[in-house]
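We're numbering straight along the sequence, starting at 1. Computed from heavy atoms alone, side chains included, the values below leave out hydrogens, waters and symmetry copies.
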Amino acid sequence: MFYFGLGCIFLLDHMPKRKSSKAGAKAAGGAKKAKKASKKTGKKAPSLSPLDQAILGTEHITPSSFNGVEGSSLLPSLIGLLLFPLEESELSEEHEKSIIRAVGILRKVFLKYSEQGDIPIVGSTGEIAAKGINETASRKKFKAYLKEQVKGFNSVLVEWLSLPKSQVQLQIVAFRALMDMVGRCKGFFDNDLFSRVTRAILTSPDMTVELALVYLQDFARKYGDVHYYALKNIATVATETLRQVDDALAGAGEDEEDEFTPLIVSKNAFNILSRIPMPISSDVLIDSMAGLRPSALEEDQDAEESSDESSDEDEDEREPAGKKAPWASPYSHKKMFSKAWLSLLRLPLSGVSYKGALKRMEKEIIPNLVNPLMLSDFLTKSCDRGGEPGLLALGGMHILIARYEFDYPSFYTKLFAILSPELFHAKYRAHFFNKLSLFMTSSALPVQTVASFAKRLARLALTGPPSGALYALPLIFNLLRRHPVCIAMIHRDKKAGGGGSGNGEGPVDPYRPNETNPMQTGALDSSLWEVEALQKHPNPSISTLAKAFNQKFNRKPYDLRNFSEANYDDLFEQAIERGRKKKNVALCFQEPSGLFEDSAFLKKAFSM
């Protein structure tokens with residue numbers, strides 16, 4: 001920022017000398033009058049702070065003050081007003097209004113010069129200038145001057161995006177002005193500037209909800225080109241951050257001050273990326289903030305996009321070549337969406353972001369990826385991690401196995417390991433039970449695996465809370481109904497459970513409860529004696545469900561959605577409602593004939 005100020009001074013010294021404007025003379029005259037007034041009154045004029053002096057020096061400037069080369073000399077004074085360290089000073093409401101006013105004037109002036117072709121555009125393909133126009137040396141010098149002023153203006157506003165949360169209004173003003181500069185020239189989207197804006201937002205520890213909402217609602221969800229480049233830039237920032245993490249690990253912790261930067265980037269990127277809708281609607285797809293037509297594509301942009309596709313190793317599909325903007329096809333957005341999520345999931349994630357990504361896998365992420373199998377490593381590690389992440393990752397892993405033929409032999413082993421007493425008290429218990437019911441619907445499952453799950457669920461129902469038993473019993477019933485071979489576990493004679501121990505103590509249960517492999521628990525040779533024990537449960541709902549196993553398995557399967565959300569409050573309400581339905585409840589052994597028995601004393605006491 002210091003060098004930018006020196007550059008402004010240098011450019012001012014080399015600009016042609018011009019007469020002072022009337023507005024400038026008026027401001028100078030106002031300052032002289034103030035001095036004379038202080039001399040007459042004999043009171044010393046209050047000293048102004050540097051910020052107040054800068055504001056006083058720009059009060060006379062309006063958008064109409066800029067007229068070609070003559071008015072451009074006022075630009076450094078306005079930009080200089082924005083250079084004050086806002087995060088260190090306590091701004092008053094008047095100060096903030098003056099600074100926002102300066103930003104508005106500069107935005108209008110630069111947009112005006114851009115429409116006139118006085119500000120060249122510098123993009124990833126180089127400078128784009130008008131062709132066939134012979135310009136004088138002074139004209140070229142003027143354009144170079146404006147180019148430096150725009151560069152400084154953009155740099156200041158990009159820094160404002162990292163201001164403290166208490167100055168969210170300045171953040172939003174800066175962001176809106178920057179987006180106007182991104183699309184300042186019709187037919188050209190300045191992604192170089194937009195990528196700097198996105199990087200500043202993602203790396204800021206003070207990203208506010210208000211700024212994120214403006215980014216999404218007013219731009220990323222509204223315009224097809226912003227939607228596309230937002231996904232592309234998020235992927236780029238995440239990839240750069242991952243590279244920095246690898247370099248820091250290779251350097252054995254040389255950059256300790258940047259230790260939490262990856263978590264900041266992943267948190268901000270997740271908060272924005274998870275709210276960018278996919279698939280993109282047709283109305284948003286054809287709308288452009290920069291006024292581009294989807295069918296109009298410059299050759300350099302087409303070549304750049306085709307080179308990106310040829311170097312991409314994440315997808316097998318390729319976008320067909322055609323003369324259209326890179327953001328004009330749904331496939332392009334799907335491709336960038338895939339890159340963004342795959343890059344983000346490689347970063348270190350906080351607990352909230354990690355669980356949030358797993359929750360969105362089935363409905364929001366996997367259906368919109370070009371190649372969902374690229375998530376196999378992430379989901380496999382999540383399943384191996386166990387706990388809540390492993391529980392939430394099961395749904396996405398099952399989709400990869402069932403729809404995309406992913407080979408994960410230990411899937412049901414991991415699922416079996418999650419069945420523990422702590423499961424009935426887990427936060428995502430209902431989610432897991434609903435998924436477990438879905439996973440066990442396959443008729444191709446080995447009968448030993450089905451028997452192991454039924455046996456462990458019965459054991460957990462016997463030792464767990466009533467709300468857990470209320471769900472486990474219908475699930476066991478559905479498993480036995482779907483796999484009739486396992487019904488023998490209900491009617492097996494306990495004395496024929498697998499032989500005796502040889503010491504006269506009776507039969508031994510062949511079930512091995514500590515076995516982690518569901519194929520080797522021996523549950524199929526055991527019996528579901530736990531279900532018979534639950535028939536005497538004090539809770540009538542549980543005992544009724546347990547007694548259903550004594551009947552034929554010809555009834556319809558239970559709808560587990562009616563049981564997965566059960567808790568103690570529900571059981572209590574059911575017991576209360578059951579008591580209310582009873583009528584003619586006897587409160588006394590004999591119906592009384594009156595309020596008091598025949599007693600002379602009581603009759604005299606209550607006689608009128």
Side-chain angles (χ1 to χ4, degrees), residues 231 234-235 238 242 266-267 269-280 313-317 333-420 422-423 426-442 444-445 449 453 475 518 560-561 564:
L231 294 173
I234 290 174
L242 181 62
S266 62
K267 174 187 174 183
F270 172 78
N271 289 334
I272 292 179
L273 184 58
S274 61
R275 290 166 176 81
I276 295 181
M278 280 293 291
I280 185 172
E313 299 178 358
D314 291 347
E315 305 83 54
D316 295 332
E317 302 179 29
H333 294 261
K334 189 174 184 179
K335 174 183 172 183
M336 289 303 161
F337 183 82
S338 302
K339 285 185 176 181
W341 271 111
L342 293 175
S343 301
L344 172 60
L345 295 179
R346 294 188 181 103
L347 288 175
L349 299 173
S350 64
V352 176
S353 301
Y354 193 82
K355 295 174 185 177
L358 290 174
K359 289 179 183 179
R360 290 169 171 81
M361 278 292 165
E362 298 177 58
K363 297 182 179 179
E364 300 179 21
I365 299 178
I366 292 180
N368 296 306
L369 295 184
V370 174
N371 185 7
L373 290 175
M374 297 300 298
L375 291 172
S376 57
D377 290 341
F378 176 77
L379 292 176
T380 301
K381 292 179 180 178
S382 300
C383 290
D384 295 340
R385 185 174 176 178
E388 291 184 1
L391 192 151
L392 294 173
L394 292 174
M397 180 62 73
H398 186 262
I399 291 178
L400 296 186
I401 295 173
R403 300 182 187 176
Y404 301 96
E405 300 180 355
F406 177 65
D407 187 16
Y408 188 55
S410 59
F411 175 74
Y412 283 94
T413 303
K414 299 293 183 184
L415 190 65
F416 189 68
I418 296 177
L419 290 176
S420 62
E422 294 79 12
L423 176 64
K427 180 179 179 180
Y428 301 102
R429 177 193 62 182
H431 173 83
F432 172 78
F433 281 141
N434 290 330
K435 294 301 176 186
L436 178 62
S437 175
L438 175 64
F439 301 154
M440 302 302 294
T441 55
S442 175
L445 284 175
T449 299
F453 275 88
L475 179 56
L560 300 180
R561 291 176 297 180
S564 59

For the student: nearest non-hydrogen atoms of Ser274 and Trp341, plus distance: CA-CZ2, 4.0 Å
With sequence neighbours excluded, residues passing side-chain contact (heavy atoms from CB on, under 4.5 Å) with Glu362: Ile399, His431, Lys435
Ring geometry between His398 and Phe411 (parallel below 30°, tilted from 30 to 60°, perpendicular above 60°): tilted
Heavy-atom closest pair, residues Ile276 and Phe337: O-CE1, 4.4 Å
Within-4.5 Å side-chain heavy-atom neighbours: Leu394 and Ile418: yes
For Ser437, side-chain contact (heavy atoms from CB on, under 4.5 Å) partners two or more places apart: Tyr471, Leu475, Leu560
Leu375/Leu345 under side-chain contact (heavy atoms from CB on, under 4.5 Å): CA gap, chis, key distance, verdict: CA-CA 9 Å; Leu375 291 172; Leu345 295 179; 3.5 Å; yes
Which atom of Pro372 lies closest to which atom of Leu400, heavy atoms considered: O-CD2, 3.6 Å
Donor-acceptor pair, side chain of Ser338 and main chain of Val370, under 3.5 angstrom: yes
From CA spacing to verdict: side-chain contact (heavy atoms from CB on, under 4.5 Å), Phe406, Leu379: CA-CA 11 Å; Phe406 177 65; Leu379 292 176; over 6 Å; no
Shortest non-hydrogen contact between Ala238 and Ser343, atoms and distance: CB-CB, 3.7 Å
Whether Thr449 side chain and Pro518 backbone form a donor-acceptor pair below 3.5 Å: no
By side chain to side chain donor-acceptor pair (under 3.5 Å) - contacts of Glu405 (at least two apart): none
Evaluation steps, side-chain contact (heavy atoms from CB on, under 4.5 Å), between Phe270 and Leu349: CA-CA 9 Å; Phe270 172 78; Leu349 299 173; 5.8 Å; no
Lys334: partners by side chain to side chain donor-acceptor pair (under 3.5 Å), with sequence neighbours left out: none
From CG (Leu415) to CE (Met397), nearest 0.5 Å: 12.0 Å
Heavy-atom pair with the smallest gap, counting every atom of Leu344 and Ala269: CD1-CB, 3.9 Å
Interatomic spacing from CG in Leu436 to CZ in Phe416 - rounded to 0.5 Å: 11.0 Å
Output a table of donor-acceptor pairs, distance under 3.5 Å, between side-chain atoms of residues 382-392 and any protein atom two or more places apart or on a different chain; print 'none' if there are none.
unit_1 : atom_1 : unit_2 : atom_2 : d
Ser382 : OG     : Tyr354 : OH     : 2.6
Ser382 : OG     : Phe378 : O      : 2.9
Asp384 : OD1    : Tyr408 : OH     : 3.2
Asp384 : OD1    : Lys414 : NZ     : 3.2
Glu388 : OE1    : Lys355 : NZ     : 2.8

Residues that Ser353 engages under side chain to side chain donor-acceptor pair (under 3.5 Å), provided they are two or more places apart: Ser350
Pairwise distance CD1(Ile366) to CZ(Arg403) - rounded to 0.5 angstrom: 8.0 Å
From Arg360 atom CZ to Asn368 atom CG, the distance as rounded to the nearest 0.5 Å: 13.0 Å
Rounded distance (nearest 0.5 Å) linking atom CZ of Phe433 with atom CG of Leu438: 15.0 Å
Approximate separation, where rounding is to 0.5 Å, of Asn371 CG and Ser376 OG: 8.5 Å
Worked verdict on Leu445 versus Phe453 for side-chain contact (heavy atoms from CB on, under 4.5 Å): CA-CA 11 Å; Leu445 284 175; Phe453 275 88; over 6 Å; no
